[in-house]
Amino acid sequence: MPAVRNKDVEKEKVLQLKGKEAEERILKYMKEANRPYGAADVSANIKGVVSKPATQKILALLAERGLITQKTYGKTSYYVANQSDCDELSSEQFDALEGQIKALEEEVKDLTAKQKQLNSELKEVRSTPKDAELDASNLKMESQIEGLEKALEPLRAGAVPISEAEVLKLEQDWMKWKIEWVSRKKVFKAAWGTATESLDSNEGIELADQLGQSRMLPSPSWPDMLYQVLSKIVPSTLS
């Protein structure tokens, strides 16, 4: 029976360049890229045809020969092609590059807008209740509806929602507290008029605003307000 080939184990090996070929390949890439790179990046960008340790040695060697420029920051070295060795671009090439840049900028704008829209749609989808949550919500609503239906059954049968005695009690309580409110309003207006008789209308309104009260409305806490008014206008009377 033939052996089964394991594709995960049997991988195509990358042909490793060595010696002069490796140096030429790295130097060519540095000139083509024309931007600073570290050894790890260079090795990865050329698809590993030169190992990382070998790339590090070759870059250092090329820098010693003056073929590329080396800059060290801390413990990391970066390499870039000598700008004097790079071909100068013609005006037509510059124009072409500017056109590409503008086209890419427009593409970035379109993609950014699309990303924003997709993020908004994703947020809406994530905020939508799941099936299980909807089922639980439906059960809760059905239970509430059932309770309300039971509460309405006596009314549908002609039952009186509130007795005459309860209505009379509510009217009596309303009249009681209405009289109390009118009484407090009169006391407040009299006290306010006495405390602010030396002020003009604008000063009185400003004082009422500072105290957080309305000059024309009774306050449930009018004794405290009267004390504040008197303490501001005639503090000697409170000593």
Side-chain angles (χ1 to χ4, degrees), residues 5-142 144-145:
R5 297 178 62 184
N6 191 337
K7 294 183 180 181
D8 294 333
V9 176
E10 188 176 309
K11 296 181 180 180
E12 183 180 355
K13 295 183 178 180
V14 178
L15 178 63
Q16 295 283 320
L17 299 179
K18 297 181 179 179
K20 189 68 173 178
E21 290 182 346
E23 292 180 13
E24 292 176 350
R25 180 68 183 90
I26 290 176
L27 181 59
K28 179 182 178 183
Y29 172 76
M30 295 301 293
K31 289 182 177 181
E32 291 175 348
N34 194 23
R35 58 173 295 181
Y37 280 118
D41 294 327
V42 173
S43 178
N45 292 343
I46 59 178
K47 310 302 181 183
V49 295
V50 181
S51 65
K52 179 180 175 181
T55 300
Q56 180 67 56
K57 294 179 181 178
I58 293 173
L59 287 171
L61 181 62
L62 293 174
E64 289 179 3
R65 293 176 182 173
L67 298 176
I68 60 176
T69 301
Q70 177 182 1
K71 294 290 184 180
T72 302
Y73 299 94
K75 296 182 180 180
T76 305
S77 294
Y78 294 91
Y79 303 87
V80 66
N82 292 333
Q83 299 304 297
S84 58
D85 297 336
C86 297
D87 297 332
E88 294 185 1
L89 297 178
S90 64
S91 59
E92 290 80 7
Q93 291 174 315
F94 271 117
D95 293 340
L97 287 176
E98 287 182 355
Q100 293 178 11
I101 291 173
K102 289 181 179 179
L104 290 173
E105 288 176 347
E106 291 297 324
E107 184 178 356
V108 169
K109 288 182 181 179
D110 294 339
L111 291 175
T112 301
K114 186 175 182 180
Q115 180 189 20
K116 185 177 181 180
Q117 179 184 356
L118 291 175
N119 286 337
S120 178
E121 294 176 0
L122 178 61
K123 183 178 180 181
E124 183 178 355
V125 170
R126 287 178 174 175
S127 64
T128 302
K130 298 180 180 179
D131 292 345
E133 295 174 341
L134 288 174
D135 292 339
S137 179
N138 288 337
L139 290 175
K140 183 179 179 180
M141 294 299 296
E142 290 174 359
Q144 292 178 350
I145 292 173

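Values reported hereafter were calculated over all heavy atoms of this structure, with side chains retained and with hydrogens, waters and symmetry mates removed. Start at 1 with the first residue, then count along the sequence.
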**Student:** Do you know the tightest heavy-atom contact between A22 and V50?
**Tutor:**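 Heavy-atom minimum between the residues: CB-CG2, 3.8 Å.
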**Student:** Is it the case that atom CD in E32 sees more than 12 heavy atoms from other parts of the structure closer than 6.0 Å?
**Tutor:**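 It does: E32 CD has more than 12 such atoms within range.
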**Student:** I need the M141 CE to L139 CG distance, nearest 0.5 Å.
**Tutor:** 11.5 Å
**Student:** How close do S51 and S43 get, counting heavy atoms only, and between which atoms?
**Tutor:**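 Closest heavy-atom pair between S51 and S43: C-OG, 3.7 Å.
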**Student:** Could you check whether any side-chain N or O of S127 sits under 3.5 Å from a backbone N or O of K123, counting only pairs where one atom can act as donor and the other as acceptor?
**Tutor:** yes
**Student:** Give a yes or no on this: more than 12 heavy atoms of other residues, nucleotides or ligands lie within 6.0 Å of atom CG of N119.
**Tutor:** yes
**Student:** Only one of L62, N82, L59 passes side chain to side chain contact (heavy atoms under 4.5 Å, CB included) with M30; say which it is.
**Tutor:** L59
**Student:** How far does CG of L27 sit from CD of E24, to the nearest 0.5 angstrom?
**Tutor:**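 Those atoms lie 8.5 Å apart.
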**Student:** Mind checking the CD-CG spacing from Q115 to L122? Nearest 0.5 Å is all I need.
**Tutor:**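 Between atom CD of Q115 and atom CG of L122 there are 11.0 Å.
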**Student:** To the nearest 0.5 Å, what is the distance between CD (E107) and NZ (K114)?
**Tutor:** 10.5 Å
**Student:** Mind checking the NZ-CD1 spacing from K18 to I58? Nearest 0.5 Å is all I need.
**Tutor:**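 CD1 of I58 is found 11.0 Å from NZ of K18.
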**Student:** For the backbone of V108 and the side chain of T112, can you confirm whether one donor and one acceptor N or O come within less than 3.5 Å of each other?
**Tutor:**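 The answer is yes, because a donor-acceptor pair under 3.5 Å joins these two groups.
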**Student:** Quick one: side chain to side chain donor-acceptor pair (under 3.5 Å) pairs with a partner in residues 54-65, sequence neighbours left out?
**Tutor:**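 Qualifying pairs, neighbours excluded: E23-R65, Q56-Y79.
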**Student:** Return the NZ to CG distance between K52 and D41, rounded to the nearest 0.5 Å.
**Tutor:**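 Between atom NZ of K52 and atom CG of D41 there are 9.0 Å.
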**Student:** Which atom names give the shortest non-hydrogen contact between T72 and S77, and what distance separates them?
**Tutor:** OG1-OG, 3.1 Å
**Student:** Would one find more than 12 heavy atoms of other residues, nucleotides or ligands at under 6.0 Å from atom OH of Y78?
**Tutor:**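 Counting other residues, nucleotides and ligands, OH of Y78 stays at 12 neighbours or fewer.
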